[in-house]
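Keep in mind that the numbers below use all heavy atoms, side chains included, and drop hydrogens, waters and symmetry copies. Convention: sequence-line order gives letters A, B, ...; per-chain numbering from 1.
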Protein chains: 2
Amino acid sequence: MIKISDDKSYFNQDLCDDYCPSVKEEELRERLTDVEGLSEIFKVLGDETRTKILYLLAQKELCVCDLAAVLEMSMPAISHHLRLLKMLRLVKNRREGKMVYYSLDDDHILNLIREAQEHYAEER
Amino acid sequence: MIKISDDKSYFNQDLCDDYCPSVKEEELRERLTDVEGLSEIFKVLGDETRTKILYLLAQKELCVCDLAAVLEMSMPAISHHLRLLKMLRLVKNRREGKMVYYSLDDDHILNLIREAQEHYAEER
DNA sequence: CTAACAATTAAGCAATCGTTTAATTGAATT
DNA sequence: AATTCAATTAAACGATTGCTTAATTGTTAG
């Protein structure tokens, strides 16, 4: 009798037929909690525009239209990114007349960027 | 005469009408080269499954079906991620009989993960 | 008040991403 | 040689992403 293809046997199965790991499945799964949720930050930096925005704001407080000009993008596009960054408390803003100035609100994010630069430098 | 909406004036325009920055546009743009290309690595880690794979492989060499079992995902799904990770030289593999064992090929990526963990820990 | 400008928000859309299912390859076992 | 199992690859699909255009809000200047 042929196996039907909807058997989803990879869920909760006891690893392979021929066991590979000396470490138990459960042990490995516990470790996973260490990295749970980390991708959120990485996802933010995974967009080049956002990384650039953060890096620019680390140099200097800038208004939206400055960012738009420097990055050669539309203001709505920049504004959307800033909204996300603000929600995550990576940037803060203040209004001054018609303009809204943004600045970095999380110095630690720079460590991440620095670390990535080192990683990048080591590739050949 | 009304301005037509396809004028794209945010390209190469001289910043805002009311100048904000004391720093010139050009200066800021030069800085941007510092972070160019970094998002590639961040994009990799921006997917939780991939971060988990890398973290697991940092603990121990594992075959594809082990990873699939621990992460409770299909083998093709895992395989796709591994292919990307290998292309970027983050992991390497070796064949042993029917199984293919993967292991970490880039220790520096762990620094990035560690840095993100610290960042995560500081949020409340 | 009205006009002008910075910024935000909303709606729509194309491109990308991560998964699934199915087919295929590679190797060992019988 | 045929079967079985691990792994990869290909095709297809739904969800998400990041942008655009258009409309709206907030503030200042005339």
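Considering only side-chain N and O atoms, A:T49 lies under 4.0 angstrom from the phosphate OP1 or OP2 of D:dC19. One finds a side-chain N or O of B:R50 lying less than 4.0 angstrom from the OP1 or OP2 phosphate oxygen of C:dG18. OP1 or OP2 of C:dT19 has not a single side-chain nitrogen or oxygen of B:S79 nearer than 4.0 Å.
Non-hydrogen atoms lying under 4.0 Å from DNA chain D are contributed by A:D47, all within residues 37-48 of chain A.
Within a 6.0 Å sphere centred on CD of B:E118, heavy atoms belonging to other residues, nucleotides or ligands number more than 12.
Listed nucleotides: D:dT8, D:dC19, C:dT19. Nearest to the side chain of B:N93: D:dT8. Comparing D:dT8, C:dA6, C:dT9 against the side chain of A:M99 picks out C:dA6 as the nearest. Side-chain proximity of A:M75 to the nucleotides D:dT8, C:dA6, D:dC19 is greatest for C:dA6. Closest to the side chain of A:Y102, out of D:dA7, C:dT20, C:dT8, is C:dT8.
We find that CG of A:L85 is positioned 16 Å from C1' of C:dA7, with the value rounded to whole Å. In this structure, A:K86 atom NZ and C:dA7 atom C1' are separated by 12 Å, rounded to whole Å. Counting to the nearest Å, the C1' atom of C:dG18 and the CD atom of B:E72 are 17 Å from each other. Look at CG on B:L82: it is 11 Å from P on D:dT9, rounded to the nearest Å. Rounded to a whole Å, the CD1 atom of B:I78 is 9 Å from the P atom of C:dT20. Protein atom CG of B:L84 is 9 Å distant from nucleotide atom P of C:dC17, rounded to whole Å. The distance from atom CG of B:L67 to atom C1' of D:dA7 is 12 Å, rounded to the nearest whole Å. Per the geometry, NZ belonging to B:K52 stands 11 Å off P belonging to C:dT19, to the nearest Å.
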| Check against side chain to side chain contact (heavy atoms under 4.5 Å, CB included), A:Q117 and B:D34 | CA-CA 8 Å; A:Q117 284 172 324; B:D34 298 349; 3.7 Å; yes
| message | The test is side chain to side chain contact (heavy atoms under 4.5 Å, CB included); show your working for B:T51 and B:L54 and say whether it passes. | response | CA-CA 5 Å; B:T51 303; B:L54 290 169; 5.8 Å; no
| task | I would like to know whether A:L90 and A:D105 meet side chain to side chain contact (heavy atoms under 4.5 Å, CB included); could you show each step before the answer? | result | CA-CA 5 Å; A:L90 299 176; A:D105 196 27; over 6 Å; no
| For A:H108 and A:N111, what are the C-alpha separation, side-chain angles and deciding distance, and is it a side chain to side chain contact (heavy atoms under 4.5 Å, CB included)? | CA-CA 5 Å; A:H108 201 275; A:N111 296 343; 3.5 Å; yes
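We find that B:K43 and B:E40 are not joined by a salt bridge, their nearest charged nitrogen and carboxylate oxygen being 4.0 Å or further apart.
With 3.5 Å as the limit, one finds a donor-acceptor pair spanning the side chains of A:S39 and B:E48.
With sequence neighbours excluded, no residue forms a side-chain hydrogen bond (donor to acceptor under 3.5 Å, both in side chains) with A:K92. With sequence neighbours excluded, no residue forms a side-chain hydrogen bond (donor to acceptor under 3.5 Å, both in side chains) with B:E30. Listed by chain and residue number, A:N93, A:R95, A:Y102 satisfy the side chain to side chain contact (heavy atoms under 4.5 Å, CB included) test with A:V100 (two or more places apart in sequence, or in another chain).
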| said: Output one letter per nucleotide in nucleotides 11-16 of chain D: B when a protein non-hydrogen atom lies under 4.0 Å from the base, S when only the sugar-phosphate is that close, - when neither is. | reply: ------
| field | Protein proximity profile, nucleotides 25-30 of chain D - base contact B, sugar-phosphate-only contact S, no contact -, cut-off 4.0 Å on heavy atoms | value | -BBS--
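Each of A:K86, A:R50, A:K52 was scored for a side-chain hydrogen bond (donor to acceptor under 3.5 Å, both in side chains) with A:H81, with one residue passing: A:R50.
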